[in-house]
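The block underneath contains the structure these notes are about, expressed in structure tokens.
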Amino acid sequence: MTDPHGFLKVPRRPVPARPVEERLGDWNEVYAGQARLPLVSEQAGRCMDCGIPFCHSGCPLGNLIPEWNAYVARDDWWAAAERLHATNNFPEFTGRLCPAPCEDACVLTINADPVTIKNVEQAIADEIWARGYASPRPPERLSGKTVAIIGSGPAGLAAAQQLTRIGHTVAVYERADRIGGLLRYGIPAFKMEKQHLNRRIEQMRSEGTKFRTGVDVGSDLDAIELTRRHDAVVVAVGARGQRELPVPGRDLHGIHQAMDYLTFANRVREGDYVSSPVTAEGKHVVIIGGGDTGSDCLGTALRQGATSVVQLDINPEPGEARRDTEPWPTYPKVYRISHAHEEGREREGTDPRIFSSATLRLEGDRHGHVRGIRLAEVEPEDRRPRPDTEHVISADLVLLALGFYGPERGTGLMKQLALTLDDRGNFARDADFAAETAECAERTRSAERTVRTGTDGVFIAGDAGRGQSLVVWAIAEGRSAAAAADRYLSGSTELPAPVAPRDRPLVA
């Protein structure tokens, strides 16, 4: 701690985003070009270096937040970078994309405003690259063992970097034409410009990781053949099974899955299209789903020039404060405004979200194109439609952002590796789960047992085994899978395993 009274003297001041009108005119990040360092260093000084830092518990990576806050407060960016990289392979991703449950677990949150941990993390991550602190770290020697990683999202990339740096020869297989998974095609550029992903991939290449794009394991390449070629395999294919909307009119034209829509928009930024095959320009857009993916669609539609945009959320509007059922340090369901919501509210003059709203039917014209959505208000307890609340809103483009049910079912990969599903609908991992202890070594052994599948030498990492989750959980899972695979290959491991498969976010 730099100043034991810092949190009393300095109020919370997040880094300001660019003006809404400015950022809606481009696809750059909302903080692009904003001055950070003096403000961030001052804000880091608010950290109390608590005796029990609950921010650690709020973050599945176990980020050493008080330590790097203290270094930032002293402008010691090298030490801050070392502490941040000690637990997180890709802080430039998490600093931009994570909703920061660590801030809700900050001890200051009990009766004050938390430290701006996310702003500090992003500032350190950017300084790491600006000051040349992200040099490749190839292994001193090779183990002679080879590992295949299936999937190049944050879990796959984290596992690949950990295993490469420890000395194994790693090849990452990705069915898309570019590396990155949802980081590449699912996250809009205004949330994370792809230069951050590209330079990290180049760093990994320099360390020795090999990348194979355009290879759909289980279809283009037999998964069993892959297990014969490599000493271990990590399956990190994500939870890409998209939930559907089973209501009348679903077959009308103009209705698209949100991830397809976002992929087209990202491909325009990559130069694959001059304009998106599915665009919101000049249309009344309705997004069904109140989560982060829906918010991403909202920001994208506004930048494409939509006439109007509405986001439907079946959940009731949250309150401004924590409820008694969600005490500190849990991540509460409170009224939050993303940058896209801020943009929509400033343009429309009101929040673009409609809460407690269920879709009853999609209505179209005589040409079979969607023209409206029939809605009803719902009861908060059981989501049943309330009588006499039906109404229709205009819609030329409907985007389904209903989340993901787990990994895709019935694929060649699943059949060839004999992967089964657990009771949550995700790829099952070994059931011989042992009670976890506080010791890192025992956690690593527990993680090794539970990330493995019934096929020898095959491990599951990320959303494929956990279900739809946050980028920090994906990276933590990738690091744990790497520790498990290394122990399997070498008999022991020095790699950290921050989470086990049955770990869950803090809840009351």
Side-chain angles (χ1 to χ4, degrees), residues 24 186 188 240-265 268 275-318 338 340-341 343-345 347-405 468:
L24 283 181
R240 294 297 300 273
Q242 301 177 95
R243 290 197 177 99
E244 262 296 345
L245 182 68
V247 299
R250 172 60 183 90
D251 56 346
L252 291 168
H253 298 297
I255 303 169
H256 302 271
Q257 285 284 357
M259 200 51 60
D260 297 336
Y261 171 71
L262 293 173
T263 296
F264 284 133
V268 172
S275 60
S276 175
V278 179
T279 180
E281 184 177 3
K283 295 177 181 177
H284 296 288
V285 180
V286 177
I287 303 158
I288 303 178
D292 289 342
T293 301
S295 174
D296 293 344
C297 290
L298 172 62
T300 300
L302 291 171
R303 284 163 176 77
Q304 289 180 340
T307 299
S308 67
V309 189
V310 173
Q311 184 180 6
L312 306 179
D313 191 336
I314 198 170
N315 297 298
E317 181 175 334
S338 70
H341 296 143
E343 292 158 3
R345 186 165 63 176
R347 201 189 81 159
E348 303 293 336
T350 185
D351 193 319
R353 291 170 288 184
I354 301 177
F355 292 96
S356 297
S357 184
T359 301
L360 303 181
R361 182 165 60 252
L362 300 164
E363 300 183 351
D365 58 21
R366 60 190 181 88
H367 302 292
H369 198 286
V370 67
R371 290 293 178 237
I373 300 182
R374 182 168 291 277
L375 306 175
E377 296 177 11
V378 297
E379 300 290 349
E381 296 80 12
D382 55 15
R383 297 181 176 180
R384 289 185 179 181
R386 289 174 176 167
D388 303 320
T389 62
E390 290 189 21
H391 60 287
V392 178
I393 60 174
S394 296
D396 304 314
L397 175 63
V398 176
L399 303 174
L400 305 182
L402 301 168
F404 304 87
Y405 59 75
Q468 182 181 357

Which donor-acceptor pairs under 3.5 Å do the side chains of residues 249-257 make with protein atoms, sequence neighbours left out?
{"unit_1": "Arg250", "atom_1": "NE", "unit_2": "Glu244", "atom_2": "OE1", "d": "2.8"}
{"unit_1": "Arg250", "atom_1": "NH2", "unit_2": "Glu244", "atom_2": "OE2", "d": "2.9"}
{"unit_1": "Gln257", "atom_1": "NE2", "unit_2": "Arg243", "atom_2": "O", "d": "3.1"}
{"unit_1": "Gln257", "atom_1": "NE2", "unit_2": "Glu244", "atom_2": "OE2", "d": "3.4"}

Query - Partners passing salt bridge (charged side-chain N to carboxylate O under 4.0 Å, His left out) against Asp292 (at least two apart in sequence or in another chain) - result: none
Query raised in the report: Do you know the tightest heavy-atom contact between Ala358 and Val378?
Result: CB-CG1, 3.3 Å
Report task. Go through Val247 and Arg361 one step at a time and tell me if the side chain to side chain contact (heavy atoms under 4.5 Å, CB included) criterion holds. Result -> CA-CA 6 Å; Val247 299; Arg361 182 165 60 252; 5.7 Å; no
Query raised in the report: Does the side chain of Thr359 come within less than 4.5 Å of Leu375's, by heavy atoms?
Result: yes
Requested in this report: Taking atom CD of Glu379 as the centre, report whether more than 12 heavy atoms of other residues, nucleotides or ligands fall under 6.0 Å from it.
Outcome: yes
**Report entry** Note, Val286 side chain near Ile393 side chain (heavy atom, < 4.5 Å)
**Finding:** yes
**Report entry** Check: Thr307 side chain, Gly282 main-chain N or O, donor-acceptor pair, under 3.5 Å
**Finding:** yes
Query - Closest non-hydrogen atom pair between Leu402 and Ile288, with its separation - result: CD2-O, 3.6 Å
Report task. Say whether, by atom type as modelled, one donor and one acceptor occur between the side chain of Asp313 and the main chain of Pro316 under 3.5 angstrom. Result -> no
Query raised in the report: If we only count heavy atoms from C-beta on, is the Met259 to Thr293 side-chain gap below 4.5 Å?
Result: yes
Report summary line: NE2 of His284 to CZ of Arg371, rounded to nearest 0.5 Å, is 9.5 Å
Query raised in the report: Would a distance-only check, ignoring hydrogens and angles, find a side-chain to backbone donor-acceptor pair under 3.5 Å from Gln311 to Gly289?
Result: yes
Query - Gap separating the OG atom of Ser356 from the CD1 atom of Ile314, nearest 0.5 angstrom - result: 9.0 Å
**Report entry** Under 3.5 Å donor-acceptor, Glu317 side chain and Phe355 backbone
**Finding:** no
Query raised in the report: Does any N or O in the side chain of Thr389 come within less than 3.5 Å of the main-chain N or O of Arg386, such that one atom is a donor and the other an acceptor?
Result: yes
Expected list for residues 295-305: side-chain donor-acceptor pairs under 3.5 angstrom, two or more places apart:
{"unit_1": "Ser295", "atom_1": "OG", "unit_2": "Ser338", "atom_2": "OG", "d": "2.7"}
{"unit_1": "Asp296", "atom_1": "OD1", "unit_2": "Lys191", "atom_2": "NZ", "d": "3.1"}
{"unit_1": "Thr300", "atom_1": "OG1", "unit_2": "Asp296", "atom_2": "O", "d": "2.8"}
{"unit_1": "Arg303", "atom_1": "NE", "unit_2": "Asp26", "atom_2": "O", "d": "3.3"}
{"unit_1": "Arg303", "atom_1": "NH1", "unit_2": "Gly299", "atom_2": "O", "d": "3.1"}
{"unit_1": "Arg303", "atom_1": "NH1", "unit_2": "Glu343", "atom_2": "OE1", "d": "2.9"}
{"unit_1": "Arg303", "atom_1": "NH2", "unit_2": "Glu343", "atom_2": "OE2", "d": "2.9"}
{"unit_1": "Gln304", "atom_1": "OE1", "unit_2": "Tyr261", "atom_2": "OH", "d": "2.6"}
{"unit_1": "Gln304", "atom_1": "OE1", "unit_2": "Ala280", "atom_2": "N", "d": "2.9"}

Report task. Would you mind telling me which of Asp396, Leu397, Val398 makes a side-chain contact (heavy atoms from CB on, under 4.5 Å) with Val370? Result -> Val398
Query raised in the report: If every non-hydrogen atom of Ile287 is compared with every non-hydrogen atom of Ala401, which pair is closest and at what distance?
Result: CG2-CB, 4.1 Å
**Report entry** Nearest atoms (heavy-atom pairs only) where Pro385 meets Leu360
**Finding:** CG-CD2, 4.1 Å
